[in-house]
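Worksheet: the structure to be examined is printed underneath.
In this text, all values refer to a predicted model and were calculated from it rather than measured experimentally. Just so it is clear, the values below take in all heavy atoms, side chains as well, and ignore hydrogens, waters and symmetry mates.
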Amino acid sequence: MPSLPLHTRMLIGFVVGVCLGLVANLLFAEAAWLEALVKYVADPVGQVFLRLLFMLVIPLVFSALVLGVVEIGDPKSLGRIGGKTLAWILAVTTIAVLIGMVTVNVIQPGRGIPPELAQELMAQTSERASQIAAGREAVSGLDVLLNIVPRNPVQAAANGDLIAVMFFALMFGIAATVIRSDGTRAFVAATQGVYDICLKLIDWIIQLAPYAVAALLFSITSKLGFDVLVQLARFVFTVLLALGIHFFVVFPILLRVFGGMSPLVFFRNAQPAILTAFSTSSSSATLPTTLKVTEEALGVPRRVARFVCTLGATANMNGTALFEGITVLFLAQFFGVELTLFQQGLVLVMCILGGVGAAGVPGGSLPVIAMILAMFGIPPEGIGLILGVDRLLDMCRTVVNVGGDMVGSVVIGRSEPVDRGATGPA
């Protein structure tokens, strides 16, 4: 089995977990041994995987955000291009997350589970979820806004206050760009090392995903039966619909209005990068192809393409941010956790920043999703529901991520008067 591709092993784990869980649900639903198997075997395996993901959240998000801000603030390449790139990332990622959140609120793919089964699922994680939620129930909207600025960033990290950690990382990155000394350069180099280590650890942890998928899905399907499969199909449909709207509606409008390029010309010339993104599920692995296509086939000036695409490979994650928003709201609906409009607004902000902080490798968004779930009292075990289909969705959202980099390069390249067209296609 280890010789098989990871996505194949995850699919096998998905099928094994679902099939065994369905059989257990149909034949042994009330058996004491089944309850013991779930409690002492399946749940601990899933918990180990989730704990490994949580372990990487703080160093991954901190290092990614600091590096992203430092790259934007690099005096050698900042100027107008850096400001335009930052504006592009924030604007288009916000549009993507809004599309995802509107879609999931309209379709409501997580609704429909019988109340008694949903309550049973909630009971499995009620102690931890209630502890997480209890610390936030008495907090007013003004307090939430004030708490974005942490009194103690170390304590915020220990408490899992991800948005406070993100704010601290952004401020740290901005200060690092202002102070151009040997010390700050050494710090940035060390931060790059932390980021690289996190990517390697994620790669190792994701190798455990097939077993975690089987264990987590066995736990859920042994309680829910076929109902969970219906919800999962609706979730996949919702994600693909939202990604499709962003890729085939929003991007063409931006290309035509701000980039002055025909969407058909763009999609035809961008095919190599799009296909590479779909097959690798990694913005970072696709970067060489993205740069080549953007410079040679799309005619973007080299200095613009290299800056926007390189930064975009780690910071411009439209599809990932959209997916994170849908996943959080889907699991909130699935477990019956009601999120207010204000809380959904916080999810929006965290997904935008999480899109910047997500690693540009397969599965890089999972630690961020797990932490956001915990922050809002949504059982993070629910992430096991999506892991079995995450490979397909990862391939699709990576296409949107890479597409956003290329569209942004075209738009920003057109707005740059200097050297425009110097590296255009023959």
What residue pairs, at least two apart or across chains, pass salt bridge (charged side-chain N to carboxylate O under 4.0 Å, His left out) with a residue in residues 257-270? none
Listing, residues 241-250 side-chain donor-acceptor contacts under 3.5 Å, not counting sequence neighbours, or none:
none

Using the side chain to side chain contact (heavy atoms under 4.5 Å, CB included) criterion, which residues pair with L341? Sequence neighbours excluded. none
Under the side chain to side chain donor-acceptor pair (under 3.5 Å) test, which residues partner R256, sequence neighbours left out? none
Residue set satisfying ring pair (Phe, Tyr, Trp, His ring centres under 6.0 Å) with F266, at least two apart, ordered chain then number -> none
For N318, check side chain to side chain donor-acceptor pair (under 3.5 Å) against everything at least two apart and list the hits. T93, N316
Who pairs with F237 by ring pair (Phe, Tyr, Trp, His ring centres under 6.0 Å), at least two apart in sequence or on another chain? none
For V411, the side chain to side chain contact (heavy atoms under 4.5 Å, CB included) test, sequence neighbours excluded, returns W88, F258, V407
Mind checking what makes side chain to side chain donor-acceptor pair (under 3.5 Å) contact with S262, not counting sequence neighbours? none
Give every residue pair that meets the salt bridge (charged side-chain N to carboxylate O under 4.0 Å, His left out) criterion with at least one member in residues 243-252, sequence neighbours excluded. none
I'd like to check the side chain to side chain contact (heavy atoms under 4.5 Å, CB included) partners of T238; sequence neighbours left out, ordered by chain and number. T103, V104, I107, P109, I326
How would you list, by chain and number, every residue that makes a side chain to side chain donor-acceptor pair (under 3.5 Å) with N152, sequence neighbours excluded? none
